[in-house]
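See structure below.
All ligand and atom numbering here is 1-based and tracks the order in the structure. Values below: every heavy atom of this structure, side chains too, minus hydrogens, waters and symmetry copies.
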Amino acid sequence: MRTQVGIVGAGPAGLVLAHLLHLRGIDSVVLERQTREHVERRIRAGVLEHGTVDLLRDVGLAGRLLRERMVHHGIELLFDGTGHRIPLTDLAGREITIYGQHELVKDLVAARLGTGRPLLFQAPAVALDGLDDAPTIRFVQDGRPRELRCDVVVGCDGYHGVSRTAVADHAVTRYQREYPYAWLGVLAQAPPSSEELIYAYHDRGFALHSMRSPQITRLYLQVRPDEPVTDWPDERIWAELRRRLARDDPGWRLADGPILEKSVTTMRSVVVEPMRHGRLFLAGDAAHIVPATGAKGLNLAVADVAVLADALGAWAAGDTSGLDAYSARCLSRVWRVQHFSWWMTSMLHRAQDGDPFTHRLQLAQLRYLTGSRAAATSLAENYVGLPLTGGRT
Ligand code: RFL
Ligand code: PHB
């Protein structure tokens, strides 16, 4: 089997890239380890930046998204029992979109299959060879070893994929930070209790109220990274959410309902530099991980592939300068977003040892943000996201 661009991984990065290449008339093959059902059911991100939605719309991928999304113009910061609204659109001129990542992945899979170009499920890549001049992806299909020869390989296989590990250790610098807490995420059949997202800083730990639709709430609790999900029966989750999301307003209550899904996610920041090794390009979570507090991972994945699609378009026409600039162009955005995600995470999570100095700093920062238009504008600008460059044909 042979193609121009071999794409490892059918998450948002791989599927959006495949579509952008299709629009440029560039052949690609997408290899995905999991089944279609699995990738379409994986509950993850919910917040899309304005620039991400614009790009998806401009390239014809946002039909259902634009019909079914929830548009939000603000978020709330809740601390000391009081909610403070950050009016994102007023401050930064752009809104955010709430639309489940698994719904987006369904749309992207349908779009890819609609082009008739190859997307192979249950086809894990196991090794990448010849990355300097003649790449081959070794993968397995129906239990048999197969090979995909390509001009370029794009590793869109997330944090646990093979692409990053295919590069010799001495050729990569890995920057990382582990946080001493994790998120217990739940999806509940309960109407949202607020029209907008609530980020709550509480003595007992961080909590987040988000949503997927007028009937479905998405909620998160700060927990210890080693806490098994079995320690969290539904009743304990609701009791803890009620405590951490409590507010002085006597009329407010948290709506509850059946919990449909729950899982624990660790929090880490990772950047792998450079994002190019010979003819291998890394994109999305394969190249960087951000803690979920800033709601940025999926948006960053789309930003990478928008840059890469332009570069590959120029390369197909004989100009390699875009590919040469790919890593540096992406990393400048990646580090801005890393800073924002680390900052939001550090401000909103309770230190495990309850260190009173850190606590005072966190409260001072929250009060500043909710009392100063300039400080709130900085948060808003980062939260709604920097404009995306590239991606359109
Ligand atoms: P993905 O989505 O992990 O996709 C990688 C794909 O590669 C496949 N794969 C392989 N395929 C073939 N061969 C192999 N050897 C393979 N190894 C792996 C995998 O099966 C998978 O299908 O990476 P991608 O495309 O880079 O997308 C990144 C996003 O998924 C991620 O950054 C976001 O989910 C992060 N994130 C959020 N991002 C946002 O922008 N806004 C949010 O609100 C937001 N909330 C979140 C989040 C992530 C969370 N978790 C669970 C980590 C909330 C949570 C709780
Ligand atoms: C979500 O809805 O899943 C979500 C929202 C905001 C975040 C992270 C995740 O910061």
Numbered in order shown, the ligand 1 atoms found under 4.0 Å of a heavy atom of C156 are 5 (C), 6 (C), 7 (O)
- Under 3.5 Å, is there a donor-acceptor pair between the side chain of H72 and the main chain of G74? no
Per-atom filter on ligand 2: closer than 4.0 angstrom to a heavy atom of A295 are 6 (C), 7 (C), 10 (O)
| request: Look only at the side chain of D310 and the backbone of G391, and say whether a donor-acceptor pair between them is shorter than 3.5 Å. | output: yes
**Prompt:** G297 to ligand 1: N or O pair under 3.5 Å?
**Reply:** yes
query = Below 4.0 angstrom, N of the basic side chain to O of the carboxylate: do D133 and R279 qualify?
reply = no
Worksheet item: Is it true that a side-chain atom of R24 and a backbone atom of L20 form a donor plus acceptor pair closer than 3.5 Å?
Response: yes
Exercise. Is the gap between the ring centers of H359 and Y201 under 6.0 Å?
Worked result: yes
re atom 5 (C) of ligand 2, the protein heavy-atom contact at minimum distance is V47 CG2, 3.5 Å
Looking only at non-hydrogen atoms, the one of A45, A10, G155 nearest atom 44 (C) of ligand 1 is A45
If you compare P12, G284, G11 by their heavy atoms, the one closest to atom 27 (O) of ligand 1 turns out to be P12
For G46, the atoms of ligand 2 under 4.0 Å from one of its heavy atoms are 1 (C), 2 (O), 3 (O)
Any non-hydrogen atom of G185 lying under 4.0 Å from ligand 1? no
Check: Can you check whether L254's main-chain N or O pairs, donor with acceptor, with S193's side chain at less than 3.5 Å?
Finding: no
Kindly confirm or rule out an N or O of W183 lying under 3.5 angstrom from an N or O of ligand 2. no
For L197, the ligand 2 atoms with a heavy-atom partner under 4.0 Å come out as 5 (C), 6 (C)
**Message:** Using a plain distance cutoff, I'd like to know if Q101 has any nitrogen or oxygen under 3.5 Å from a nitrogen or oxygen of ligand 1.
**Reply:** yes
(message) Can you classify the ring geometry of H349 versus Y181 as parallel (below 30°), tilted (30 to 60°) or perpendicular (above 60°)?
(response) parallel
Honestly, for R212 the part within reach of ligand 2 (heavy atoms, under 4.0 Å) is side chain
Practice task
Please answer whether the main-chain N or O of G385 pairs with a side-chain N or O of R94 as donor and acceptor at a distance below 3.5 Å.
Solution key: yes
Residue, atom and distance of the protein heavy atom nearest atom 3 (O) of ligand 1 read R44 NH1, 3.0 Å
**Report entry** R276 and D324 ion-paired at < 4.0 Å
**Finding:** yes
Looking only at protein heavy atoms, what sits closest to atom 14 (C) of ligand 1 is A125 N, 3.8 Å
Quick note on ligand 1: atoms under 4.0 Å from a heavy atom of Q34 include exactly 20 (O)
Is it true that D226 and R224 make a salt bridge, defined as a side-chain N closer than 4.0 Å to a carboxylate O?
yes
> Going through the checks in order, is the side-chain contact (heavy atoms from CB on, under 4.5 Å) test met by L219 and L208?
Replying inline: CA-CA 6 Å; L219 299 137; L208 172 60; over 6 Å; no
Under a 4.0 Å threshold between the charged nitrogen and the carboxylate oxygen, would R138 count as salt-bridged to E147?
yes
- Is it true that Y179 and W342 have ring centroids separated by less than 6.0 Å? no
Taking the six-membered ring for Trp, are Y220 and H209 ring centroids under 6.0 Å apart?
-> no
Q.
Check contact between R42 and ligand 1, using heavy atoms of the residue and a distance below 4.0 angstrom.
A. yes
Going by the 4.0 angstrom heavy-atom rule, the piece of T293 near ligand 2 is backbone
- Between R242 and E235, does at least one N-O distance fall below 4.0 Å, as a salt bridge requires? yes
Atoms of ligand 1 under 4.0 Å from any heavy atom of G9, numbered from 1 in the order shown, are 6 (C), 7 (O), 8 (C), 11 (N)
Heavy-atom nearest pair, S341 first then K296, reads OG-CG, 3.9 Å
protein heavy-atom neighbour closest to atom 9 (N) of ligand 1 works out as D157 CB, 3.8 Å
Nearest non-hydrogen contact to atom 51 (C) of ligand 1 from the set V305, N299, T265, V16 belongs to T265
among protein heavy atoms, the one nearest atom 41 (N) of ligand 1 is A295 O, 3.1 Å
Ranked by distance from atom 32 (O) of ligand 1, the top protein heavy atom is D285 OD1, 2.7 Å
| Is the side chain of H277 donor-acceptor paired with the backbone N or O of P274 at a distance under 3.5 Å, no angle test? | yes
Judged by heavy atoms only, the candidate from S341, A292, G294 nearest atom 8 (C) of ligand 2 is A292
What I want to know is whether G161 and ligand 1 share at least one N or O pair that is separated by under 3.5 angstrom.
no
The protein heavy atom nearest to atom 19 (C) of ligand 1 is E32 OE2, 3.5 Å
| Mind checking whether Y175 and W335 have parallel, tilted or perpendicular rings, split at 30° and 60°? | perpendicular
Here the atoms of ligand 2 under 4.0 Å from any heavy atom belonging to L208 are 5 (C), 6 (C), 7 (C), 8 (C), 10 (O)
Salt bridge present between R367 and D80 (N-O < 4.0 angstrom): yes
Per-atom filter on ligand 1: closer than 4.0 angstrom to a heavy atom of A13 are 25 (O), 26 (O)
Counting from 1 in the order shown, the ligand 2 atoms closer than 4.0 Å to a non-hydrogen atom of R44 are 3 (O)
Of all the heavy atoms in Y220, does at least one lie under 4.0 Å from an atom in ligand 1? yes
Taking only non-hydrogen atoms of V8 and a 4.0 Å limit, the atoms of ligand 1 in range are 12 (C), 13 (N)
Is the shortest side-chain N to carboxylate O distance from D285 to R164 below 4.0 Å? no
### Message
Check this for me - ligand 1, R33, N or O atoms closer than 3.5 angstrom, yes or no?
### Response
yes
request  = Could you tell me whether some N/O pair between L298 and ligand 1 is separated by less than 3.5 angstrom?
outcome  = yes
Short version for S210: what comes under 4.0 Å of ligand 2, heavy atoms counted, is side chain
For the 3.5 Å polar cut-off, considering only N or O atoms, please tell me whether V47 and ligand 1 meet it.
yes
Closest to atom 7 (C) of ligand 2 by heavy-atom distance, out of Y220, Y99, Y383, Y199, is Y199
